[in-house]
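Just below is one structure, and these are the notes that go with it.
Letters go in sequence order (proteins before strands), and every chain restarts at 1. Quick caveat: nothing in here was measured; it's all calculated off a predicted structure.
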Protein chains: 2
Amino acid sequence: MTAAAAVEVAVSTVIFALRRSPADDRMTVWLPLVRRIREPFDGRWALPGGPLGPNEDLAESAARTLAETTLLTPQYLEQLYAFGNTDRSPGERVVSIVYWALVRSDEADVAVETENVRWFEADSVPELAFDHNVIVDYALWRLRNKLEYSHIASAFLGDTFTLSELREVHEAVLQKPLDPANFRRQVESSGQVVPTEQLRTGGRHRPARLYRYNTAAPDTTSGPLGARPLPGRTQG
Amino acid sequence: MTAAAAVEVAVSTVIFALRRSPADDRMTVWLPLVRRIREPFDGRWALPGGPLGPNEDLAESAARTLAETTLLTPQYLEQLYAFGNTDRSPGERVVSIVYWALVRSDEADVAVETENVRWFEADSVPELAFDHNVIVDYALWRLRNKLEYSHIASAFLGDTFTLSELREVHEAVLQKPLDPANFRRQVESSGQVVPTEQLRTGGRHRPARLYRYNTAAPDTTSGPLGARPLPGRTQG
DNA sequence: CCAAAAGTGTTGAATTTACACCCATGA
DNA sequence: TCATGGGTGTAAATTCAACACTTTTGG
């Protein structure tokens with residue numbers, strides 16, 4: 001009782017977006033980090049986050065810091081893990097509830113960068129404050145894992161997208177090429193996306209059909225907790 | 001900063017064991033609950049747990065309350081989820097880090113029951129305090145899910161076990177019969193268990209070979225966090 | 001011998017994988 | 001017309017599911 005007040009609660013978020021690598025032109029996974037401006041780890045890069053407000057839910061807090069650092073709204077937001085080892089922050093006891101989020105690539109392209117906010121390629125982040133390197137690695141593992149049995153990939157894209165675009169997302173995240181023909185069949189038979197009437201023209205080749213995420217499809221990836229509610233909607 | 005102190009941190013644990021149902025003789029999933037002895041929800045059953053100690057890690061806290069309520073040591077302990085909605089506890093703001101644990105069936109058989117600690121069958125728990133019914137449902141979903149792609153089932157058994165015993169665990173958790181021949185092949189090809197030299201005699205039928213959990217097999221179920229360290233061992 | 005569970009074999013179905021091939025567009 | 005990605009077809013390989021059958025014990 002008396003002792004519990006000594007524990008502080010913070011919420012941090014690993015924010016993923018896809019961007020083209022400046023070197024080659026390949027799509028890769030990126031995430032924004034913020035520079036710490038006080039001890040401990042003054043000057044080090046760290047995950048965006050902050051103390052949990054007394055009147056905000058955990059996911060709300062994650063979405064708030066996400067908006068504050070990137071000016072973006074997440075397409076997908078899910079709790080990752082609670083980190084609370086006694087030794088993870090020198091001189092204080094902090095339990096961090098960490099979320100991970102996906103934002104649309106086209107929005108991320110125009111995201112602000114300042115002296116204290118910078119985007120990094122996910123597989124070459126510097127040495128971070130606290131245990132944040134472990135957290136980033138775990139979030140990346142979860143992203144790659146979940147991509148294969150759910151349909152979060154569309155969260156990186158707009159409302160409609162071609163199957164090539166969707167495949168490009170998978171290839172970027174999983175870092176391996178996928179057979180276009182088999183990918184198409186897998187996705188179509190999953191029922192998670194539905195074709196629209198529109199085509200996307202413009203490339204110097206046959207136009208591609210646009211698909212849309214199927215909101216009516218059942219979500220079996222979160223069990224009784226249901227689809228992780230994005231702040232704004234409501235769900236038990 | 002100032003506001004963060006208003007949030008209390010608690011750790012609760014969903015403890016699973018297998019027991020034979022008193023009605024029929026079938027194995028089913030059980031869990032211990034404790035009766036609340038103060039408001040809010042005075043008199044209601046709830047998950048065992050309590051405030052996080054200032055000098056204990058999250059998993060340590062879960063194992064401690066587990067030992068306090070059941071006098072048992074968990075064979076498996078993993079973080080489930082952090083629940084922190086503002087409205088989940090009337091009049092106070094509590095973030096609960098919830099763990100789930102598996103204990104051996106033979107130990108659970110001799111577990112104490114008191115006026116304020118009782119074991120319930122998992123699919124017929126009463127109306128619980130707080131949001132604990134949701135938590136139990138989610139933990140059950142996770143248990144059933146994880147059983148199919150990891151080898152936590154052996155945590156319900158002793159050091160050595162027959163494949164029939166292991167299959168009985170699966171059947172109890174998944175609530176459906178499994179083909180003995182196919183189950184055997186699946187388990188053997190997974191590499192997660194290895195045969196010993198011993199046989200188990202006693203039934204009036206052919207003796208069954210005893211198997212042991214293969215500690216050398218790689219654990220791919222937790223990603224970069226590694227196998228969830230049980231209190232006592234150490235791991236980053 | 002018989003009953004019962006341990007353990008092996010086999011077959012057809014379903015799924016995955018690799019890759020050949022046609023289609024429709026811009027240049 | 002050619003190059004390029006969109007989209008379909010198909011056959012081999014692999015995995016999965018159902019079930020027949022043999023083995024070894026206790027009674």
Side-chain angles (χ1 to χ4, degrees), chain A residues 18 20 24-27 105 144-145 147-151 153-154 157-158 160-172 174-212 220, chain B residues 20 24-27 144-145 147-151 153-154 157-158 160-172 174-212 220:
Chain A
L18 298 185
R20 299 204 175 274
D24 44 15
D25 203 41
R26 289 173 44 250
M27 279 275 219
S105 303
R144 293 187 171 125
N145 225 39
L147 191 73
E148 308 206 75
Y149 64 90
S150 87
H151 281 272
S154 55
L157 301 169
T160 59
F161 44 84
T162 68
L163 292 188
S164 284
E165 290 167 344
L166 191 63
R167 178 167 50 83
E168 192 180 19
V169 170
H170 279 252
E171 289 177 339
L174 299 178
Q175 298 177 306
K176 68 179 177 189
L178 298 173
D179 184 294
N182 295 333
F183 180 80
R184 163 181 301 276
R185 273 183 289 252
Q186 275 175 18
V187 170
E188 281 183 331
S189 70
S190 75
Q192 296 281 11
V193 300
V194 290
T196 69
E197 295 303 310
Q198 293 118 32
L199 303 177
R200 169 159 300 166
T201 58
R204 54 196 221 194
H205 51 73
R206 177 174 170 178
R209 181 167 300 279
L210 288 169
Y211 286 74
R212 178 188 306 282
T220 58
Chain B
R20 300 204 174 274
D24 43 14
D25 203 41
R26 288 173 46 249
M27 279 276 220
R144 293 188 171 125
N145 225 38
L147 191 74
E148 307 205 77
Y149 65 89
S150 87
H151 281 272
S154 54
L157 301 169
T160 59
F161 44 85
T162 68
L163 292 188
S164 284
E165 289 166 345
L166 192 63
R167 177 165 51 84
E168 192 180 19
V169 170
H170 280 251
E171 289 176 338
L174 301 178
Q175 297 177 306
K176 68 180 179 190
L178 298 173
D179 184 294
N182 295 333
F183 180 81
R184 163 182 302 275
R185 273 182 290 252
Q186 277 176 17
V187 170
E188 280 184 331
S189 69
S190 76
Q192 296 281 11
V193 301
V194 289
T196 70
E197 294 304 311
Q198 293 118 32
L199 303 178
R200 170 159 299 165
T201 58
R204 54 196 221 196
H205 50 75
R206 178 172 169 177
R209 182 167 301 279
L210 287 170
Y211 286 74
R212 178 188 306 283
T220 58

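Near DNA chain D, meaning a heavy atom under 4.0 Å away, the residues from residues 204-211 of chain B are B/R204, B/H205, B/R206, B/P207. In the region residues 190-197 of chain A, proximity to DNA chain D at under 4.0 angstrom, judged on heavy atoms, holds for none of the residues.
Counting only residues at least two apart or on different chains, the ring pair (Phe, Tyr, Trp, His ring centres under 6.0 Å) pairs with a member in residues 174-200 of chain A are A/H170-A/F183.
For A/R144, there are no salt bridge (charged side-chain N to carboxylate O under 4.0 Å, His left out) partners, not counting sequence neighbours. When the side chain to side chain contact (heavy atoms under 4.5 Å, CB included) test is applied to B/P207, the partners found at least two apart in sequence or on another chain are B/L199, B/T201. Partners of A/R200 according to the salt bridge (charged side-chain N to carboxylate O under 4.0 Å, His left out) rule, which considers only residues two or more places apart in sequence or in another chain, are A/E165. Partners of A/P195 by side chain to side chain contact (heavy atoms under 4.5 Å, CB included), not counting sequence neighbours, listed by chain and number: A/R209, A/Y211. Residues forming a side chain to side chain contact (heavy atoms under 4.5 Å, CB included) with A/Q192 (at least two apart in sequence, or on another chain): A/H151, A/S190, A/Y213, A/A217. In terms of the side chain to side chain contact (heavy atoms under 4.5 Å, CB included) criterion, residue partners of B/D25 (sequence neighbours excluded) are, by chain and number, B/R20.
B/S164 comes within 4.0 angstrom of sugar-phosphate atoms only, judged by non-hydrogen atoms across all strands, and of no base. At the heavy-atom level, A/R200 lies nowhere under 4.0 Å from the strands shown.
Bounding nucleotides for the chain B contact on DNA chain C, 5' to 3', at a heavy-atom distance below 4.0 Å, are C/dA3 to C/dT10. Taking every nucleotide of DNA chain D with any atom under 4.0 Å from a non-hydrogen atom of chain A, the first and last of them, 5' to 3', are D/dA3 to D/dT10.
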**Asked** Please walk me through it: do B/R167 and B/V187 pass side-chain contact (heavy atoms from CB on, under 4.5 Å)?
**Response** CA-CA 9 Å; B/R167 177 165 51 84; B/V187 170; over 6 Å; no
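Listed for the B/S150 side chain is no donor-acceptor partner under 3.5 Å among the backbone atoms of B/L147.
Between the CG atom in B/L163 and the CZ atom in B/R184 there is a gap of 5.0 Å [rounded to 0.5 Å].
For the pair B/R167 and A/T201, both in contact range of DNA chain C, the more 5′-proximal nearest nucleotide belongs to B/R167.
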**Request:** Would you sketch DNA chain C in dot-bracket for me? Only Watson-Crick or G-U wobble pairs with both distances under 3.5 Å count, crossing pairs as [ ], other-strand pairs as |, the rest as dots.
**Result:** |||||||||||||||||||||||||||
